[in-house]
*Asks:* 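Structure provided below as structure tokens; questions to follow.
In the text below, chain A, chain B and the rest are named by the order of the sequence lines, each starting its count at 1.
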2 protein chains.
Amino acid sequence: MAKLSDVAARAGVSVSAVSRVLSGDPSARLSEATRERVRKAAGEVGYHPNFAGRALKLARTDVIALIVPDVTNSLFADLTRGVEDEAVARGCVMLLARSEDMQPGGSMFDRLVGEGRVDGIVLQPRDGTDPEELAQSVGVRAPIVTIHQRIPGASSVVVPDARAARLATEHLIALGHRRIGFAGGLAGSPTAQRRAAGYAEALEAAGIAHDPALVTWRGYREPDGRASTAELLALPQRPTAIVAANVNAAVGVLAQARAQGLAVPQELSVVAVHDAWTAAHTWPPLTCVRMPLYELGRTAVSALANVIDGGPVEHRSVEDPGPVLVERESTAAPRG
Amino acid sequence: MAKLSDVAARAGVSVSAVSRVLSGDPSARLSEATRERVRKAAGEVGYHPNFAGRALKLARTDVIALIVPDVTNSLFADLTRGVEDEAVARGCVMLLARSEDMQPGGSMFDRLVGEGRVDGIVLQPRDGTDPEELAQSVGVRAPIVTIHQRIPGASSVVVPDARAARLATEHLIALGHRRIGFAGGLAGSPTAQRRAAGYAEALEAAGIAHDPALVTWRGYREPDGRASTAELLALPQRPTAIVAANVNAAVGVLAQARAQGLAVPQELSVVAVHDAWTAAHTWPPLTCVRMPLYELGRTAVSALANVIDGGPVEHRSVEDPGPVLVERESTAAPRG
DNA sequence: AACACCTGATCAATCGTTTGCGCAAACGGC
DNA sequence: GCCGTTTGCGCAAACGATTGATCAGGTGTT
């Protein structure tokens, strides 16, 4: 692989001259003729700056890591694109890692951060992790921004969870539903709490009494949605509609409804927070509230860049675009 | 961040002594007392070898890249785990990249390979890419192993596609089906051809005539499955069952069947090659042939390690475990 | 007493880039 | 024709880890 000295030899100049030309150093005083010769020589030998040499000198890798609980969750498609687009726009490459082996304090975390392989981290903590404990083990060892959740001492970015859940709930109310269940996330999860709050707001605004029995706290996975639904449908006065706090859980809601012989949307309406590839291919296709996850990714990287550059800890919320309702076929007016 | 010289100062020895102790150099002559002091000092200052320094000296990063067409496809969950497990077992970290911006010759490819950020690449070419062209642009610029598909000059690893399709087809034949459609991948795709061959083998073994009209070549995505199904169901003598060459396409098969008012499995049986999270949550849940994708990942990394160490180009097929049929609810005996 | 030899550890060069500083030559003002 | 400034470029010192060569003492042999 061609190096600076190869280019220098070919162009008949010194290594430092080449370095300055190629990095576009504005303070460099070099004649246009020389610059041209250098660029030509670099092209001819196919020069690419050596990553290790540069990283060693600059103490910067231009790599940022995106760590999510499960890389293959279709919900992360948009997020991933957003992170990558913004990273590329800033001249960085994105390293995607699974958070299973990425528990802070774990050996993988050490390899990334401790060995200086990445400049910073965008971290989506696994649902149900304790923020204090997380902050402890992450320490100040690397610039980090969390998404969906705050941990002490680190920047964070969130999406308008409350607004989204409120939108979903209002959609059901507009259809005429009065008894609406909420299949929520884990009680400890901040996103779950914000979404539950949005649900409550919508009910209150419509003058509907808030019945705690209609709210479950199971989690975001498919079996959680199933369990929540079983619980809600066992109520003496069963709901005519369910807001699922997550699209994966919503798949479980549909499954449980089918298992109990309830037709969706005729006998039970279902609306989910989040949209994903899968949502359009369930039966019936799920009405969803699309969240600005692409922008979440871009914003997170932008916040991370600030921290890397020594900026202060900050907390952002992605407000534009806001959540938007995507109507499919899982919601309808209640019967009778 | 602590460096070698910090450890050396604390232990009262030279930098080289520390390096040798910590890297476990067997040819090093150092007293056990010194070794102990060095290890203690390293632990106290929290030493982690600097990635860039090491990479520069050794011309090795211990990073391998996994490049797939779409990171969020649930089919890649097992593959990803396999690649990562084997990488970690060999002391490497995995860098996961999307192949959209990873077209060989593209800027991202240059950054990974040209700048020496990775030691090698496990590449799953996007379906329908031309092997010749791909080989051209990849060149010999990096150790590379492809999966599912061969390109000239590079090692490759595949799974038993023919056996899998044969297994799926035999399952339908055992249920009593005689007129079986095949919703295949793109005609140019090697995996699609192998699967179609397995389908044909099963028919022949059962003494069923092979009707080319029953075989489509649309692709592996959901809309492709839908289109294939529409085509097959429009046949004068429609099939009673369909083998989908891919689980995503199978979702499309289900959707189209539903759109045409056909009950699955009563009026149409569906079986898919590949298993994934989604397959258990469609309606009805899909009968699938599970492929050894985890082992595919491990094998690919192992083959890549060989190439990196200067070994010859080789082509492997993952035979153990073989494909296995997972019966769910989308297949049944034909009516009447 | 002279010699080789082994042990335990250090010296110094090297990987490829970046960058502060120095040094000529050219230039302009008087 | 002298001096100060600008222009154009090269020298050399980092960055942190690895490793062949080297060296100072101690031990054993003749």
Side-chain angles (χ1 to χ4, degrees), chain A residues 1-39 41-42 45-63 91 110-111 113-119, chain B residues 1-39 41-42 45-63 91 110-111 113-119:
Chain A
M1 277 202 278
K3 29 188 199 172
L4 273 188
S5 55
D6 297 335
V7 180
R10 187 170 247 267
V13 294
S14 72
V15 173
S16 33
V18 178
S19 172
R20 283 188 244 256
V21 170
L22 263 29
S23 66
D25 184 345
S27 73
R29 295 173 311 211
L30 295 164
S31 70
E32 189 49 43
T34 307
R35 288 175 189 276
E36 198 42 56
R37 240 177 330 128
V38 167
R39 277 190 288 256
V45 301
Y47 173 75
H48 286 281
N50 178 275
F51 167 62
R54 181 171 229 157
L56 179 57
K57 180 63 188 172
L58 298 180
R60 216 164 28 80
T61 58
D62 287 336
V63 175
D110 277 355
R111 293 203 75 174
V113 182
E115 297 184 4
R117 286 168 184 271
V118 302
D119 292 343
Chain B
M1 273 201 280
K3 29 187 199 171
L4 273 188
S5 55
D6 297 336
V7 179
R10 186 170 249 267
V13 295
S14 72
V15 173
S16 33
V18 177
S19 172
R20 282 188 241 258
V21 170
L22 262 29
S23 66
D25 183 346
S27 73
R29 295 174 311 212
L30 295 163
S31 70
E32 189 49 44
T34 307
R35 288 177 189 277
E36 198 42 56
R37 234 170 343 122
V38 167
R39 278 190 287 257
V45 301
Y47 173 74
H48 286 281
N50 178 275
F51 167 62
R54 179 172 231 155
L56 179 57
K57 178 63 186 173
L58 299 180
R60 216 162 30 78
T61 59
D62 286 337
V63 176
D110 276 354
R111 294 202 74 173
V113 182
E115 297 183 3
R117 287 169 183 268
V118 302
D119 293 343

*Asks:* Which of these nucleotides, D/dC15, C/dT7, D/dG10, is closest to any side-chain atom of B/R29?
*Replies:* C/dT7
*Asks:* What's the shortest heavy-atom distance between A/L4 and A/L22, and which atoms?
*Replies:* CD2-CD2, 4.3 Å
*Asks:* In whole angstroms, how far is the P atom of C/dC15 from the CE atom of A/M1?
*Replies:* 14 Å
*Asks:* What distance do A/L56 atom CG and A/R54 atom CZ have between them, rounded to the nearest 0.5 Å?
*Replies:* 13.0 Å
*Asks:* Of the nucleotides C/dT10, D/dT18, C/dT17, which has the atom closest to the A/N50 side chain?
*Replies:* C/dT17
*Asks:* Whole Å only: how far is the NZ atom of A/K3 from the P atom of C/dT18?
*Replies:* 14 Å
*Asks:* Is the phosphate of D/dT18 approached by B/R20 (side-chain N or O, under 4.0 Å from OP1 or OP2)?
*Replies:* no
*Asks:* Can B/R117 and B/T61 be said to form a side chain to side chain contact (heavy atoms under 4.5 Å, CB included), step by step?
*Replies:* CA-CA 7 Å; B/R117 287 169 183 268; B/T61 59; 5.8 Å; no
*Asks:* Counting only distance, no hydrogens or angles, is the base of D/dA14 paired donor-acceptor with the side chain of A/K57 under 3.5 Å?
*Replies:* yes
*Asks:* Base, sugar-phosphate alone, or nothing: which one does A/S16 contact when heavy atoms must sit under 4.0 Å apart?
*Replies:* base
*Asks:* Taking any heavy-atom pair under 4.0 Å as a contact, classify A/R54: base, sugar-phosphate, or nothing.
*Replies:* sugar-phosphate
*Asks:* Across the strands shown, which category fits B/T34 at heavy-atom distances under 4.0 angstrom: base, sugar-phosphate, nothing?
*Replies:* sugar-phosphate
*Asks:* At less than 4.0 Å, is any side-chain N or O atom of B/S31 found next to OP1 or OP2 of C/dA9? Yes or no.
*Replies:* yes
*Asks:* Just checking B/F51: base, sugar-phosphate only, or nothing, at a heavy-atom cut-off of under 4.0 Å?
*Replies:* nothing
*Asks:* Hey, does the side chain of A/S19 come within less than 4.0 Å of C/dT18's phosphate (OP1/OP2), counting only N and O?
*Replies:* yes
*Asks:* Heavy-atom nearest nucleotide on DNA chain C for B/G12 versus B/G53: which residue maps closer to 5'?
*Replies:* B/G12
*Asks:* Using five pairs at either end of the helix from C/dA1-D/dT30 to C/dC30-D/dG1, determine the angle between the two local helix axes and round it to 10 degrees.
*Replies:* 60°
*Asks:* Give one of base, sugar-phosphate or nothing for B/V13, where a contact means two heavy atoms less than 4.0 Å apart.
*Replies:* sugar-phosphate
*Asks:* Taking CG from A/L22 and C1' from C/dT19, how many angstroms apart are they, rounded to a whole number?
*Replies:* 15 Å
*Asks:* Taking B/S23 for its side chain and B/S19 for its backbone only, find out whether a donor-acceptor pair lies under 3.5 Å.
*Replies:* yes
